[in-house]
Each structure stands twice: as C-alpha cells, then as structure tokens.
Amino acid sequence: MSAAVSNVVSNPLLSPTLWWLELGRRLHERKTKGLAFLYLGALLAAPTLLEKPPPHLLAAVQSWFGGDDPFGLFMYVWTDLAMNKLAVLTGVAMGAGVLVEERADRSLILFMTKPVTPAGLYVLRVGSAVLATAGLYLITQLIGLALFSAQIDGFKPLAFSISGLVHVWAPIFATCLSALCAVAIGRQLGAALVSVLVLFSLVGGAFLGVYNPAWADVLAFNPFTQSVAGVTHLQSQSFGTLTGPVVGLIVLNLTLLAIGARLARRIEP
Amino acid sequence: MTPILSIEGLSKHYGPVIALDNVTFSVNPGEIFGFMGHNGAGKTTALRVLLGLTPPTSGRVTVLGLDPTQDALGVRSQVGFLPASYALPREMTARSFLCYIGAMFSMPRDQAEARAEALITQVGLTSFADRRLGGLSTGMAQKVGFAQALVNNPKLLLLDEPTSGLDPLGRHDLLESLRELAETQGTTTMFSSHILSDVQTLCRRVAILHRGRLVAFGEAEALKAEHGAKDMDTLYLTLARREQR
C-alpha cells in the first residue's frame with residue numbers, strides 16, 4: 001500500500017494576506033475603537049493636568065529627575081499618569097481574550113478546524129493585538145508630537161519621540177502577558193484579573209528606582225521600569241542609551257509569546 | 001473501492017465517560033453518508049477525532065489516506081467542516097469572513113476574494129454579503145457556515161447537524177446543495193444528524209450510533225428490511241430500544 005502524501009497548504013502564517021485581514025479584523029473590533037477614544041482622551045487631558053501643577057509635585061519631580069526643566073514634569077505626567085495606565089488597559093483589553101474569548105463565544109472552532117495549529121492561531125491573534133496596540137500608541141505619540149509642540153512650553157520633540165519608542169514596549173508587554181495569562185488560566189475574566197493585578201503592581205513600581213536609587217538595581221527587572229527609561233534618562237537621552245532597554249523588552253516579549261504559544265496547544269475549541 | 005474515510009475500533013474516553021466505544025465503519029468516495037444518533041450519541045466526538053482536534057483513546061482513523069493524529073493539518077487542508085454548535089465572528093461581514101478563511105488556506109488575496117464572491121453567489125448570500133455577521137438570521141448564518149466549509153473546495157465534507165435550526169425551505173436548499181456537490185464535483189459528504197428524515201432523503205448508506213456504540217452500519221434500505229422498519233425513524237427507535245434492554 002502506498003503511503004499517503006500529506007497535502008498541507010503552505011504555512012498560512014507566512015501569508016501577508018492573512019496577516020492583513022487579521023489586522024483589519026482586529027481594528028474593526030469595538031474594543032479597539034474604545035481604546036482609540038481613551039488614547040484621544042489622554043492627548044486632550046495631559047495639557048489640562050499640567051495647567052496648575054501643585055508646587056510639592058513640581059519640587060518632587062525636580063528632585064527625582066534633576067534640573068528644573070518643566071519638560072521633565074510633562075514627561076512624568078504623560079508617561080506615568082497617562083500612558084502607563086493606558087498600557088495596562090490596552091494590554092488587558094487586547095490580550096486577555098486571546099483564543100479563550102472565541103472559545104467562549106463558540107467561534108474558535110471555525111478557525112481551529114482550518115490548517116493552522118493552535119499555537120499558530122495564538123501567534124496570529126497576539127501578533128495582530130500587538131500590531132494594533134503599537135499602532136494606537138504610536139499614532140497617539142505622533143498626534144501628541146504635533147499637539148504638544150504648540151501647547152507645552154519647552155517641549156522637546158526629539159526626547160518625546162525617543163521616549164515613546166521605548167515606552168511603546170510597555171503596552172506590547174502588557175498585551176503579551178495578558179495573552180499568556182489567557183491560555184494559562186483558560187478564562188477571560190480570570191486572565192484579565194490576574195493581568196490587571198500583575199501589571200498595575202509593575203506600573204506602581206516603575207519609578208521606584210528613581211524615587212529611591214538604592215532600589216534601582218533590584219527594580220531594573222521590572223519591564224515597566226525599562227519602558228520608562230526614556231523619562232529617567234531625560235538629561236542624557238539618545239538612541240544609544242535606550243538600546244539596552246528596548247532589546248531587553250523585545251527579548252522578554254518574544255519569550256512570553258513563545259510560552260503562550262506552547263500553552264495554546266492545550267486549547268480545544 | 002478504497003474508503004475515503006475509515007474508522008477501526010475507535011474509542012474515546014473522557015475520564016470515566018465513554019463517548020465512543022469500539023466504533024468501526026467507513027465512507028466511500030463520492031457518497032453522501034448518514035451519521036445518525038441522538039444528541040450525546042458520540043457523533044460530534046467522532047468528527048473531532050476525524051479532524052485531529054482530539055486524540056482517540058484507542059483505535060485507528062484514516063481520512064483521505066492520512067492519520068489525523070499525525071497529520072491534522074494535512075487532513076484539514078482537504079476537508080470542509082461545519083460544526084453543530086458555533087458562532088460566526090460578529091464584527092466581520094460574510095465577504096470578509098470567507099476571504100479570511102481563504103487566507104487560512106494560504107490563498108493569495110485575489111484568489112481568496114474571488115472564492116468568497118463565488119461562494120456568496122453559490123449559497124445565495126448576495127444581498128447579505130456586506131452585513132455584519134452578528135446581525136444575520138439563523139438561516140443566513142447557517143449559509144455562511146456552510147460556505148466557509150466549502151472555501152477550500154474540499155474532497156470531503158464533514159457536516160455536524162447542518163439542518164438543525166433551519167426552516168423547511170433552508171433545509172431543502174442545503175440538502176439540494178449537498179446533492180449537487182456530490183453529483184457535479186464528486187464531493188464526499190459525511191452528514192451527522194438526529195433529523196432522520198434528512199438522512200433518509202439524501203443517504204444511501206448510514207451508520208447509527210447509540211450511547212457511543214455503533215448499532216448499525218450499511219445500506220439504509222437493507223437495514224430497514226432487516227429490522228422490519230418502514231422508515232429511518234422506526235429503524236432508529238427499534239435499534240435504540242434493543243440497545244436499552
């Protein structure tokens with residue numbers, strides 16, 4: 001009896017068409033549109049927050065980040081009070097439902113009976129979530145660049161841009177971690193709760209090394225500490241100083257993606 | 001004739017629950033095969049094993065000459081599947097969804113779009129092609145579900161309760177489509193249903209499951225004659241009652 005020859009179509013994950021359609025699907029989701037409104041809100045709220053900063057906050061920021069540059073206060077408000085929180089919300093909204101939300105609404109079986117492995121489907125879903133997350137963040141930064149140049153005294157476009165290119169890895173990390181929680185826990189609500197707890201703990205500790213330099217080395221392992229490196233190096237900021245944190249964050253995210261893909265193999269529709 | 005699908009001594013246990021117990025039957029190329037049994041009889045479990053979604057506890061399964069436990073993607077690339085219980089992605093349109101499914105079979109964009117357009121016409125979705133799937137009626141949604149099973153022009157169609165929830169006209173249209181596919185393209189269909197009149201309308205050969213066990217397999221007419229049943233309902237009830245004794 002002759003051995004049957006498998007007729008597997010070439011790996012669809014290598015198809016730009018599939019990625020393009022997947023990204024389109026992701027961008028049409030209500031939660032993506034809702035997040036876009038939140039980012040827009042951050043753009044509008046940041047200058048308002050800076051109108052009358054309390055003197056004690058100004059003094060604290062000056063002592064933490066050095067110098068008396070008002071741009072330091074702006075970057076602290078923008079990065080920590082606005083974008084760090086949005087990073088967590090974006091990550092949980094985009095990542096905590098990966099595969100498990102579709103399993104709960106019974107649409108997963110339609111995709112899992114096609115020639116794509118569960119791990120491949122996981123990579124596709126997380127990949128589109130990461131692209132949408134990064135897109136939302138970077139578009140917000142671009143609009144902010146134009147808006148804040150006109151609104152904020154002493155605004156430094158280059159420092160703002162470099163800082164954003166590091167901090168964009170914060171929502172990407174949040175997305176990858178939430179997706180990992182989704183396939184590890186198997187339920188969207190549980191994954192969202194665990195992700196929120198872990199991510200807000202990390203956000204809360206992001207600047208602890210700045211507040212108390214004695215803890216800086218220990219807290220360097222916090223991905224959010226690395227992602228705010230652009231703010232903590234405002235005085236000596238360049239692409240060179242921020243390469244380390246970016247490389248570290250890329251490796252961390254790829255590791256989370258690989259673990260999640262491995263766990264996704266257990267998912268049955 | 002080499003079967004397009006064969007199941008030999010298939011058992012599937014979920015802990016203490018025996019979903020399938022030593023089931024053996026085969027499906028020939030080009031036929032519309034009836035896979036009957038009440039809810040919970042094990043039909044869906046068998047289809048999941050055939051697609052490589054879950055491994056069998058014991059036994060051997062071959063689909064299009066491939067072992068789904070070893071080459072699930074090879075099987076899925078040549079098979080079309082319509083699940084019994086599913087939901088369409090609410091925020092996509094029929095057109096974008098079918099195009100997406102085409103891309104999952106590695107079709108280039110223009111080919112996926114052309115295939116989606118052809119299927120929209122084939123299943124009668126032209127007026128609804130650009131509506132969000134979340135707003136479609138049950139009948140229309142089932143047409144989209146059927147169309148997604150045909151995207152890869154499959155050699156073998158596995159349909160799990162495809163007429164469930166459809167009105168008489170929808171049922172008639174779907175059954176006619178299956179007949180046409182078999183006649184014009186030689187597509188083999190394994191048709192799982194607990195609506196026995198549908199099976200009687202379409203299928204020459206059937207397998208009947210009851211509580212995970214195969215209680216009959218063969219030509220429907222011969223089975224009816226053997227058990228003195230005038231139709232499939234009577235045949236099924238006779239066999240089910242015999243098993244319950």
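We use all heavy atoms of the structure for the numbers below, so side chains are in, but hydrogens, waters and symmetry mates are not. Numbered from 1 within each chain, the chains take letters A, B, ... in sequence-line order.
- Counting heavy-atom pairs under 4.5 Å between each of Asp67(B), Thr2(B), Leu51(B), Leu53(B) and chain A puts Leu53(B) at the top.
- Checked by atom type and distance alone, the side chain of Arg76(B) never pairs as donor or acceptor with a backbone atom of Thr117(A) at under 3.5 Å.
- For the options Glu102(A), Glu22(A), Glu29(A), heavy-atom pairs under 4.5 Å to chain B are most numerous at Glu22(A).
- Within the 4.5 Å cutoff, the side chain of Ser106(B) has no heavy atoms near those of the Asn11(A) side chain.
- Rounding to the nearest 0.5 angstrom, the gap separating the OG1 atom in Thr113(A) from the CG atom in Asp160(B) is 11.0 Å.
- Neither the backbone nor the side chain of Leu158(B) comes within less than 4.5 Å of any heavy atom of chain A.
- Of all heavy-atom pairs between Ile109(A) and Ser85(B), the closest is CG2-O, 4.2 Å.
- To the nearest 0.5 Å, atoms CG (Asn152(B)) and NZ (Lys114(A)) are separated by 7.5 Å.
- One finds the OH atom of Tyr100(B) at 5.0 Å from the CZ atom of Arg25(A) (value rounded to the nearest 0.5 Å).
- Residues Ser107(A) and Pro89(B) share a closest heavy-atom pair of CB-N, 4.4 Å.
- Within the 4.5 angstrom heavy-atom criterion, no atom of Leu108(A) approaches chain B.
- At least one side-chain heavy atom of Met104(B) sits less than 4.5 Å from a side-chain heavy atom of Leu121(A).
- Atoms CE and NE2, on Met92(B) and His28(A) in that order, are 9.5 Å from each other to the nearest 0.5 Å.
- Residue Phe105(B) holds its CZ atom at 13.0 Å from OG of Ser15(A), rounded to the nearest 0.5 Å.
- Side chains of Pro83(B) and Leu110(A) form a contact here, defined as non-hydrogen atoms less than 4.5 Å apart.
- Counting only distance, with no hydrogens or angles, the side chain of Arg48(B) and the backbone of Pro269(A) share a donor-acceptor pair below 3.5 Å.
- There is no contact between Trp19(A) and chain B, counting heavy-atom distances below 4.5 Å.
- Here the side chains of Arg109(B) and Trp20(A) are in contact, with some heavy-atom distance below 4.5 Å.
- For the pair Arg30(A) and Glu91(B), the minimum side-chain heavy-atom distance is below 4.5 Å.
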Carefully, step by step, assess Thr17(A) and Met107(B) under the rule side-chain contact (heavy atoms from CB on, under 4.5 Å).
CA-CA 8 Å; Thr17(A) 303; Met107(B) 289 181 190; over 6 Å; no
